[in-house]
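Here is the structure we will look at, set down as structure tokens.
When a ligand or atom number is given, it counts from 1 through the structure's own listing order. Numbers for residues simply follow the sequence, beginning at 1. Here the structure is a predicted model, which is why all the values come from computation and not from measurement.
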Amino acid sequence: MIVIKSVADLEKTLRPSRNILKIGFVPTMGALHEGHLSLIRQSKLECDLTVCSIFINPKQFNQASDLNLYPKPVENDICMLAESGADVLFLPDVSEIYPDTYVEPNITLGYIETVFEGKQRPGHFKGVALVVKRLFDCVQPDRAYFGQKDYQQTLIIKSIVKAFNLGIGIKVCDIIREPNGLAMSSRNIRLKPEHREKAGFIFELLSNLENRVVELGIEAALNFVKIEIGKIPNAVLEYLEIVDEHSLEPIAIEKRRGVALIAVNYHGVRLLDNKLLNW
Ligand code: AMP
């Protein structure tokens, strides 16, 4: 695996392969786990060359404390990536991604950035959109791989590809979970082991939601889950809704499908999860 730190070196390395090899791209913020590695594996299955990036994007953190607390085990990440078979690791500094000459493109995200994570973390998706656009311009991949874990983010990314006509295939990959069902996340290490074990309740409640919607309807099914979470010590529900899987707008039961999006603050750690539902 080649580790590249500058945009110029990345361009030199990738240029000979463009239009000859299919380039797959997996952008990450590091602190890698099986979820990230599953994206690398998918890219390796479908592409000739897999580029992974590790870049903690300051523009998508609306709280300095969250940015400072974000884990940065770079040496370990490099070993994991090399073992996973990634071909190139792009590991730029902030000054490579946002040099003095950087001009922010005009990006309009509309309704999708105003709800759920966008509402909880104002400016977050604008920051995600800016960094992904910049990384796409640097790597110019044929395909890019993202986790369904960050469902709303996948919609934002698809909308950027469309708006800028980038011609990049966006692949959304399954959520990789811990044995108790908790969605893997770089933030999970902030939970004490006993709380991490108990945090499987989120997945358990999501898993029963389809049946509950059939039995009770959407509103009552959501209320049931809200009451259950209310009984769990140190769990504060930030949001739980079932919405249209493309627009994130409210839906009627007759639609018979949607996505459930949930965010729970558990012992001070924000845990996100989601599930596509058919009823
Ligand atoms: P992050 O490093 O958190 O920015 O995540 C980088 C990529 O990995 C994003 O596309 C995430 O959606 C994806 N990802 C994070 N956690 C998981 C998971 N548990 N399963 C699958 N993909 C994931």
Sub-4.0 Å heavy-atom approach of [X] to ligand 1:
X    : answer
L32  : no
H33  : yes
Y151 : no

Check ligand 1 against [X] and write out every atom of the ligand that is under 4.0 Å from a heavy-atom position of the residue.
X    : result
Y70  : 3 (O)
M29  : 1 (P), 2 (O), 4 (O)
M184 : 16 (N), 17 (C), 18 (C), 19 (N)
I175 : 20 (N)
D150 : 11 (C), 12 (O)
F146 : 10 (O)
P27  : 6 (C), 7 (C)

- Query: If every non-hydrogen atom of Y145 is compared with every non-hydrogen atom of G24, which pair is closest and at what distance?
  - Reply: CE1-CA, 4.1 Å

What's the shortest distance from [atom] to any protein heavy atom, and which residue and atom give it?
atom                    : result
atom 1 (P) of ligand 1  : H36 NE2, 3.6 Å
atom 22 (N) of ligand 1 : G147 CA, 3.5 Å
atom 21 (C) of ligand 1 : D174 O, 3.4 Å

Is there a nitrogen or oxygen of [X] sitting under 3.5 Å from a nitrogen or oxygen of ligand 1?
X    : result
L39  : no
C173 : no
S186 : no
I176 : yes

- Message: Closer than 3.5 angstrom, by distance alone: can the side chain of R256 be matched with the main-chain N or O of W279 as a donor-acceptor pair?
- Response: yes

- Are any side-chain N or O atoms of N274 and backbone N or O atoms of K149, one a donor and one an acceptor, separated by less than 3.5 Å? yes

Taking [atom1] in [X] as the centre, count heavy atoms belonging to other residues, nucleotides or ligands within less than 6.0 Å. Is the count above 12?
X    : atom1 : answer
K22  : NZ    : no
K226 : NZ    : yes
N278 : CG    : yes

- Message: For residues M80 and M184: do they belong to one hydrophobic cluster (side chain heavy atoms under 4.5 Å, members Ile, Leu, Val, Met, Phe, Trp, Tyr)?
- Response: no

- Are F136 and F164 close enough that their ring centres sit under 6.0 Å apart? no

- Query: How about F61 and Y70: are their ring centres within less than 6.0 Å of each other?
  - Reply: yes

- Message: Going by side chain to side chain donor-acceptor pair (under 3.5 Å), name the pairs with one or both residues in residues 74-98, residues two or more places apart or in two chains.
- Response: N57-Y98

- Message: Run E245 and Y151 through side chain to side chain donor-acceptor pair (under 3.5 Å) and show every step you take.
- Response: CA-CA 9 Å; E245 71 262 39; Y151 189 86; 6.0 Å; no

